[in-house]
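In this chain, residues are counted from 1 in sequence order.
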Amino acid sequence: MRELTLATLGITVQEHDTVVVDFWAPWCTTCVRFRPIFADVAAQVDDVQFATVNTDEQQDLAAIMGIRSLPTVVVFRNGKHVFAKSGVTTRRQLAEIIEQLKTIQPENTSNPA
């Protein structure tokens, strides 16, 4: 699992088909309860990049992403922001969200002549 910064978010999103990011803060008790759930799902899913953002340390990144409550899970698929959910999510819900989002196909960028 990666700890993302403003400098590494774009690279990470471009390098992986699916990136799931947990925006959290050390003072957030809900975040503390969610972190083991996030880590457990991350350990079970090999084809997705999981990452975290400490919003206290990365305030600019949190602001750019529009993070207003914690924890917030943000998912990028094929380089695009496709999903966000605030609050605690169960292991099952998080796993289901990831499986559903994996079905999103890249846009057809070819230009037929």
Side-chain angles (χ1 to χ4, degrees):
M1 191 164 357
R2 292 184 180 177
E3 180 70 29
L4 296 180
T5 66
L6 186 57
T8 61
L9 175 67
I11 295 165
T12 301
V13 167
Q14 293 305 316
E15 288 179 345
H16 301 278
D17 289 339
T18 305
V19 179
V20 181
V21 184
D22 173 24
F23 286 82
W24 68 284
W27 51 262
C28 169
T29 57
T30 306
C31 299
V32 172
R33 287 195 312 258
F34 179 63
R35 286 183 64 84
I37 294 169
F38 190 79
D40 184 47
V41 173
Q44 295 176 20
V45 180
D46 294 330
D47 56 345
V48 171
Q49 177 64 55
F50 286 81
T52 63
V53 174
N54 180 334
T55 58
D56 282 353
E57 295 174 358
Q58 300 297 320
Q59 293 179 12
D60 290 343
L61 177 54
I64 289 168
M65 293 301 303
I67 304 303
R68 302 217 188 282
S69 62
L70 298 173
T72 295
V73 172
V74 174
V75 180
F76 296 88
R77 179 76 176 138
N78 304 316
K80 297 186 191 254
H81 175 268
V82 295
F83 179 82
K85 181 183 182 304
S86 297
V88 173
T89 303
T90 67
R91 282 174 181 81
R92 182 178 178 180
Q93 289 170 330
L94 185 56
E96 288 173 358
I97 289 165
I98 292 164
E99 287 306 309
Q100 289 175 6
L101 291 169
K102 284 183 187 178
T103 64
I104 297 172
Q105 298 301 313
E107 291 180 7
N108 182 358
T109 57
S110 63
N111 188 6

By salt bridge (charged side-chain N to carboxylate O under 4.0 Å, His left out) - contacts of [X] (at least two apart):
X     : value
Arg2  : Glu15
Asp46 : none
Glu57 : none
Arg92 : Glu96

Could you give me the CA-CA distance, side-chain angles and deciding distance for Asp47 and Thr18, then say whether side-chain contact (heavy atoms from CB on, under 4.5 Å) is met?
CA-CA 8 Å; Asp47 56 345; Thr18 305; over 6 Å; no
Close side-chain approach of Val20 to Gln49, heavy-atom, < 4.5 Å:
no
Between [X] and [Y], what is the shortest heavy-atom contact and its length?
X     : Y     : answer
Thr8  : Thr12 : O-OG1, 2.8 Å
Leu94 : Thr89 : N-CG2, 3.5 Å
Pro36 : Arg33 : CD-O, 3.4 Å
Val88 : Pro71 : N-CG, 4.4 Å
Asp56 : Ala25 : OD1-CB, 4.0 Å
Ala42 : Met1  : CB-CE, 4.2 Å

Using only atom types and a distance under 3.5 Å, with no angle test, would you say the side chain of Arg77 pairs donor to acceptor with the backbone of Leu101?
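A pair under 3.5 Å: yes.
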Could you work out the complete set of other residues in the hydrophobic cluster of Trp24, with links drawn between I, L, V, M, F, W and Y side chains under 4.5 Å apart?
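Direct or chained contacts put Trp24 with none.
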If you link ILVMFWY side chains whenever their heavy atoms are less than 4.5 Å apart, which other residues fall into the same cluster as Val21? By chain and number, please.
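Besides Val21, the cluster holds Leu4, Leu6, Leu9, Val13, Val19, Phe23, Trp27, Val53, Leu61, Ile64, Met65, Ile67, Leu70, Val74, Phe76.
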If you measure from [atom1] on [X] to [atom2] on [Y], what distance do you get to the nearest 0.5 Å?
X     : Y     : atom1 : atom2 : answer
Glu99 : Ile97 : CD    : CD1   : 11.5 Å
Asn78 : Gln14 : CG    : CD    : 10.0 Å
Arg91 : Phe38 : CZ    : CZ    : 13.0 Å
Phe50 : Gln44 : CZ    : CD    : 9.0 Å

If only side-chain N and O atoms count, and only distance matters, is there a donor-acceptor pair under 3.5 Å linking Asn54 with Gln58?
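Result is no, nothing qualifies.
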